[in-house]
Amino acid sequence: MKDFWRFIKSSGIFFVGTVMTKLISFLLLPLYTSYISPDDYGAYDLGLTYIMFFSSVLYFDIWSGIMRFMYDFNGSDRKKPISSGIAIFLCSTVMYTATLAVILPHLHLRYPVLLALYGVLMNGQTLVGYIARGYEKNVLYTAAGIVSSFVTIIFNIILLVVLKMDYSALIIASCIGYLTNILMIVIGIREPGAFSLKYFSYTIFKDMFIFSLPLCVNSVAYWFLTSYNRIVVDAQLGAAVNGYYAIAGRFGSMITLFTTCFQMAWQELSFSKTARNDSLDEFYTAAINNYIKCMCAGLLVLIPMIYIIYPIMVDADYDVGKTLIPLYLFGTILSTISSFLGNAFTAIKKNNLLFWTMAIGSVANVICIHLLINVVGLQASNISLAIGFFVSCLARVLIFGKYMKIKIEYGNIAVLLLSLVAVSIAYRSELLWLNILALCFAVLVSLFMFRKLLKAMLHALLNKK
């Protein structure tokens, strides 16, 4: 129960820093869909898709390596993996800049310089954020997230509404927000020399690079599983259709916003417990089962909720995107479960297995999207996404089971999946009253699934009191 309360505390802090602030950005969807056409939104989304690819290839997910290695040191020695990781980050930035200078002109994207800057600042924000979390300065991390989110929102409004700019406003506002976040953390972390190369160690540099290389390859496979479909959609169906898909992705991001806080707390807890070499079988069994149930229950509630709020949040020009949401959300849930399992591999330093489990899913996704795109249209992207992540999750559960004795609660998962089918049918009916009924049903099922955990929490609170 001690680990549980630590997890809840960390999740709460990250909730404020990631979910609450990003939720405000989500509420600006009416602004985005009113001032930006589906064609332009599709072009914007395509540009970011390419930037995510080059970031995945060239930055090696080095921030995860830094935080993981920080748990292996104490005192001022913790700065050694930071300095060594920053050295890798700087080398990556040089390669990233040179690569984009050569390739971006051939992709015929608008605002290539802004897009390149967006990538550097986005990765810089992630780097300093992981260092802050490695020092357990989660409040600073949260405060920086809140401030930078409000800065981004304010500049979005100024650039779109007042200055009447096109979708470049979204890129510029994000860059300003990322820069604000970086400055706040660098200034607020209060660890002399933490962001310098003074404590550089070639041995740690080499070990971290070897540790992070599989994460890089895994990130590339992840991109093919999550973002490659957008390029196929844009090429086969057009930028406007990709814009509809991107808006469905905005609703999908609501899931990832809520799961981010859990995954961050889980990452820290699993890293620290594995570093202490605690008894892990029961820990991972409970964590994985509860996470799967939590994600499925969240999706169960979210589907009817989105049906109710979609007309309020999104301009009528994007109505096509409404039909895409249930399947997109299901694929997104599978992606969060896959990432959660991936963090478990990282905690036990089995990163070499991440790529193979993700590559299997990526291959399945790429094959399915090309087979289905001309048959079922835009839904092909959602179907192939779900298939790809299901294959990846299955592979990770089976392989992880060779290192830990994990017992998956298949009965509870079956109940939740049947419930998801029921609320999805209600969603497709396009009847408001039936979706309200489905929402009530979803809440009851979720409470039933977590009845034991809720009872234990209540008992613990009463005892504490």
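Treat the numbers as computed from the prediction; the structure is a model and nothing was measured.
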Compare all side-chain heavy atoms of [X] with those of [Y] and state whether any distance is below 4.5 angstrom.
X	Y	answer
Phe389	Ile337	no
Val120	Tyr59	yes
Thr99	Val57	no
Val162	Ile157	no
Asp40	Arg110	yes
Trp356	Ile399	no
Tyr167	Asp39	no
Val415	Met449	yes

Practice prompt. Test side chain to side chain contact (heavy atoms under 4.5 Å, CB included) on Thr49 and Asp234 and set out the steps.
Written response: CA-CA 11 Å; Thr49 297; Asp234 185 84; over 6 Å; no

Where do [X] and [Y] come nearest, in terms of heavy atoms and distance?
X	Y	answer
Ser168	Leu114	CB-CD1, 4.2 Å
Leu100	Ala116	CD1-CB, 3.6 Å
Leu300	Ser446	CD2-OG, 4.4 Å
Leu121	Ile182	O-CD1, 3.7 Å
Val366	His370	O-CD2, 3.1 Å
Ile408	Ile413	CG2-CD1, 3.6 Å

Does the [X] side chain pair with the main chain of [Y], one donor and one acceptor, at a distance under 3.5 Å?
X	Y	result
Asn382	Leu324	yes
Ser381	Leu378	no
Gln379	Thr323	yes
Ser55	Met52	no
Thr152	Ser148	yes
Arg396	Ser338	yes
Thr357	Ser392	no
Ser384	Cys368	no
Arg451	Phe448	yes
Ser339	Ser335	yes

Discussion item. Does the plane of the ring in Tyr328 sit parallel, tilted or perpendicular to the ring in Tyr245? Use 30° and 60° as the thresholds.
Written reply: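 The arrangement is perpendicular - the two ring planes meet at more than 60°.
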
Item to complete: Look at the aromatic rings of Tyr32 and Tyr41 and report parallel, tilted or perpendicular, splitting at 30° and 60°.
Response: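 Aromatic pair Tyr32/Tyr41 classed tilted.
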
Just how far is it from atom [atom1] of [X] to atom [atom2] of [Y], taken to the nearest 0.5 Å?
X	Y	atom1	atom2	result
Leu432	Leu437	CG	CG	11.5 Å
Thr336	Leu299	OG1	CG	9.0 Å
Leu439	Leu434	CG	CG	11.5 Å
Leu127	Ile131	CG	CD1	4.5 Å
Asp61	Asn123	CG	CG	9.5 Å
Met295	Tyr291	CE	OH	4.5 Å

Fill in: Within 6.0 Å of CE in Met305, more than 12 heavy atoms from elsewhere
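Check fails, neighbour count at 12 or below.
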
Fill in: Enclosure of Lys164 NZ (heavy-atom neighbours >12, cutoff 6.0 Å)
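Yes, NZ of Lys164 has more than 12 neighbouring heavy atoms, counting only those of other groups under 6.0 Å.
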
Fill in: Exercise: do Thr33 and Asp315 side chains pair donor with acceptor under 3.5 Å
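No - no donor-acceptor pair under 3.5 Å links their side chains.
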
Discussion item. Under a 3.5 Å cutoff, is there a donor and acceptor pairing between the side chains of Trp433 and Asn435?
Written reply: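 No.
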
Worksheet item: In a check of ring pair (Phe, Tyr, Trp, His ring centres under 6.0 Å) between Tyr427 and each of Tyr307, Tyr310, Phe330, which one passes?
Response: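 It is Tyr307; the other options fail the test.
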
Practice prompt. Apply the test side chain to side chain contact (heavy atoms under 4.5 Å, CB included) to residues Leu394 and Val391: give CA-CA distance (whole Å), side-chain angles for both, the deciding distance (0.1 Å), then the verdict.
Written response: CA-CA 5 Å; Leu394 183 61; Val391 171; 5.9 Å; no

Discussion item. Assess the residue pair Ile36 and Leu170 against the criterion (side chain to side chain contact (heavy atoms under 4.5 Å, CB included)); give the C-alpha distance rounded to whole Å, side-chain angles, the decisive distance to 0.1 Å, and a yes or no.
Written reply: CA-CA 10 Å; Ile36 301 173; Leu170 304 183; 3.6 Å; yes

Fill in: Residue pair Leu46, Ile231: steps toward the side chain to side chain contact (heavy atoms under 4.5 Å, CB included) verdict
CA-CA 7 Å; Leu46 183 66; Ile231 295 175; 3.9 Å; yes

Discussion item. With a 6.0 Å cut-off on the ring centroids, do Tyr178 and Tyr118 count as close?
Written reply: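 Centroid separation for Tyr178 and Tyr118: below 6.0 Å.
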
